[in-house]
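Scroll down for the structure; my scribbles are underneath it.
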2 protein chains.
Amino acid sequence: MQHEDLINYIEQYITLSDADKQIICDSYKVMHLDKKEFLFHQGDRCETEAFVLNGTLRVFYSDDKGNEHVLNFALPTWWVGDITSFYEGSPAFMSVQALEPSELLVIRPEQKEELFKKIPALERMFRIIIQKHLTSYQNRFLAAISKTADERYMNLLARIPNIEQLVPQHQIASYLGILPESLSRLKRKLIEAKK
Amino acid sequence: MQHEDLINYIEQYITLSDADKQIICDSYKVMHLDKKEFLFHQGDRCETEAFVLNGTLRVFYSDDKGNEHVLNFALPTWWVGDITSFYEGSPAFMSVQALEPSELLVIRPEQKEELFKKIPALERMFRIIIQKHLTSYQNRFLAAISKTADERYMNLLARIPNIEQLVPQHQIASYLGILPESLSRLKRKLIEAKK
DNA sequence: TAATTCCATTGACCTATGTTAAGACTTTGG
DNA sequence: CCAAAGTCTTAACATAGGTCAATGGAATTA
């Protein structure tokens, strides 16, 4: 069943009756994205919140000079969306694009409201998830101002060991907040240091 | 009345009956912090969420080398707390300390649960506030990796024009993610460039 | 399969910020 | 009211990472 991973995920947080599971399956629709296809674009309203079933996506922000900065990747069992845009209808702060063909489970704002009414315990789960995201960005910020690019690279590898197989190098550089040239140089230094 | 600023703040988001106002006044207790006194320490459980009535506080993280990094300041009508620690009971990620004598309205987790039961519309307000915090840290992160210290300094001044009168310079440097020496140099350059 | 675009690497050079150290001025606490 | 601690500035030097340019290989597309 398509929704199995989502059900398993939710059951880490709360207990679900069979009826609850049915409601969840009805609320989330399967969606496919081709490589390079966007879930939503920065500036548009984000009307979909998605749970990644498989594939890889990047969440990025384009600044005023047109430079793109990877805020995060999205891998299976992760959530993607722009919550402020999703709930409040404001323009999305970032874009989300598939880096390879990907399968998602998506929900729209009205349906999510419905879902919360039917399974209020989910509110708590999503609140915790938002808090984790907040903590994660606090950490990214702290790392950006207090660690070297080497350290941030090693941390990323520790957190997502197969990241090199999943996304191209220049996306990793962008995630780290450096240029591809710098990542290249950095990797060489690490290899030489190991010898 | 002590709670007036809080009531006004909340009324920006939702409509309150007189009974609601009374409940809010009963839920939030006035608290005074002397200069240098802590609201809570990194590593402890954060059992208070506070609304700042007056004064100035700093929210900071101490890294493994003992260096302190200012995550944010807290000024009148701002909220401070470590939500994850507050709700989930985990150790606080950061510390909060008064930079001058400050007055707060504080609430404890159990009381906040009670409050949500009595005035459910507050849940929505706090969800929006968390989302704003999340966006704010995404921005801090992006600025940290893509803007120069000059730009970040100018942004801070634009956002909080009187920040120089409120907090010592080395705290501003810490907020910007640079050393006091660098901020000093940077300010001189800006002054010279203006001539 | 050719043509084109994209991607990773390298090198030379540049700049913003860190590092260290010193001195003057201000605030705090006994 | 003095001593001590904290704060701001300046300067000389070091370094991480940016910038620019060139190359070769890989992946897309016609």
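This is a predicted model, so every value here is computed, not measured.
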What's the [atom1]-[atom2] distance between [X] and [N], to the nearest Å?
X         : N       : atom1 : atom2 : answer
Ile172(A) : dT9(C)  : CD1   : C1'   : 15 Å
Arg188(B) : dC8(D)  : CZ    : C1'   : 12 Å
Leu186(A) : dG11(C) : CG    : P     : 16 Å
Lys36(A)  : dA27(D) : NZ    : C1'   : 10 Å
Asp34(A)  : dT28(D) : CG    : P     : 13 Å
Glu151(B) : dA16(C) : CD    : C1'   : 12 Å
Asn67(A)  : dG17(D) : CG    : P     : 18 Å
Gln171(A) : dA8(C)  : CD    : C1'   : 14 Å

With distance as the sole criterion, is a donor-acceptor pair present between the side chains of Ser27(A) and Gln111(A) under 3.5 Å?
no

Ser17(B)-Asp20(B) side chain donor-acceptor pair, cut-off 3.5 Å
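On atom types as modelled, these side chains qualify, holding a pair under 3.5 Å.
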
Under the salt bridge (charged side-chain N to carboxylate O under 4.0 Å, His left out) test, residues paired with Glu11(A) that sit two or more places apart
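Salt bridge (charged side-chain N to carboxylate O under 4.0 Å, His left out) list for Glu11(A), sorted by chain: Lys21(A).
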
Looking only at the side chain of Gln169(B) (C-beta and beyond, no hydrogens), which of the listed nucleotides dC8(D), dG17(D), dT17(C) gets closest?
dC8(D)

Would Arg140(B) count as a cation-pi partner of Tyr175(B), with NZ or CZ less than 6.0 Å from the six-membered ring centre and within 45° of the ring normal?
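Yes - Arg140(B) lies over the ring of Tyr175(B), closer than 6.0 Å to its centre and within 45° of its axis.
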
Geometric cation-pi criterion Arg45(A) and Phe40(A), 6.0 Å radius, 45° cone
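The answer is no; the distance or angle limit is not met.
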
When you check the phosphate oxygens OP1 and OP2 of dA8(C), does a side-chain N or O of His170(A) lie under 4.0 Å from one of them?
yes

OP1, OP2 of dA16(D) versus side-chain N and O of Arg152(A): anything below 4.0 Å?
no

Near DNA chain D, which residues from residues 175-184 of chain B have a heavy atom under 4.0 Å away?
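DNA chain D contact set from residues 175-184 of chain B: Glu181(B), Ser184(B).
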
Heavy-atom nearest nucleotide on DNA chain C for Ile145(A) versus Val167(A): which residue maps closer to 5'?
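Its nearest nucleotide lies further toward 5', so the answer is Val167(A).
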
Does the base of dG18(C) carry an N or O that pairs as donor and acceptor with the side chain of Arg185(B) under 3.5 Å?
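Indeed, a donor on one side and an acceptor on the other fall under 3.5 Å apart.
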
May I ask you to check whether Phe126(B) and Trp79(B) place their ring centers less than 6.0 Å from one another?
yes

Heavy-atom closest pair, residues Tyr61(A) and Phe93(A):
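Minimum heavy-atom contact is CD1-O, 3.3 Å.
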
Using a heavy-atom cut-off of 4.0 Å across all strands, would you classify Lys35(B) as base, sugar-phosphate, or nothing?
sugar-phosphate

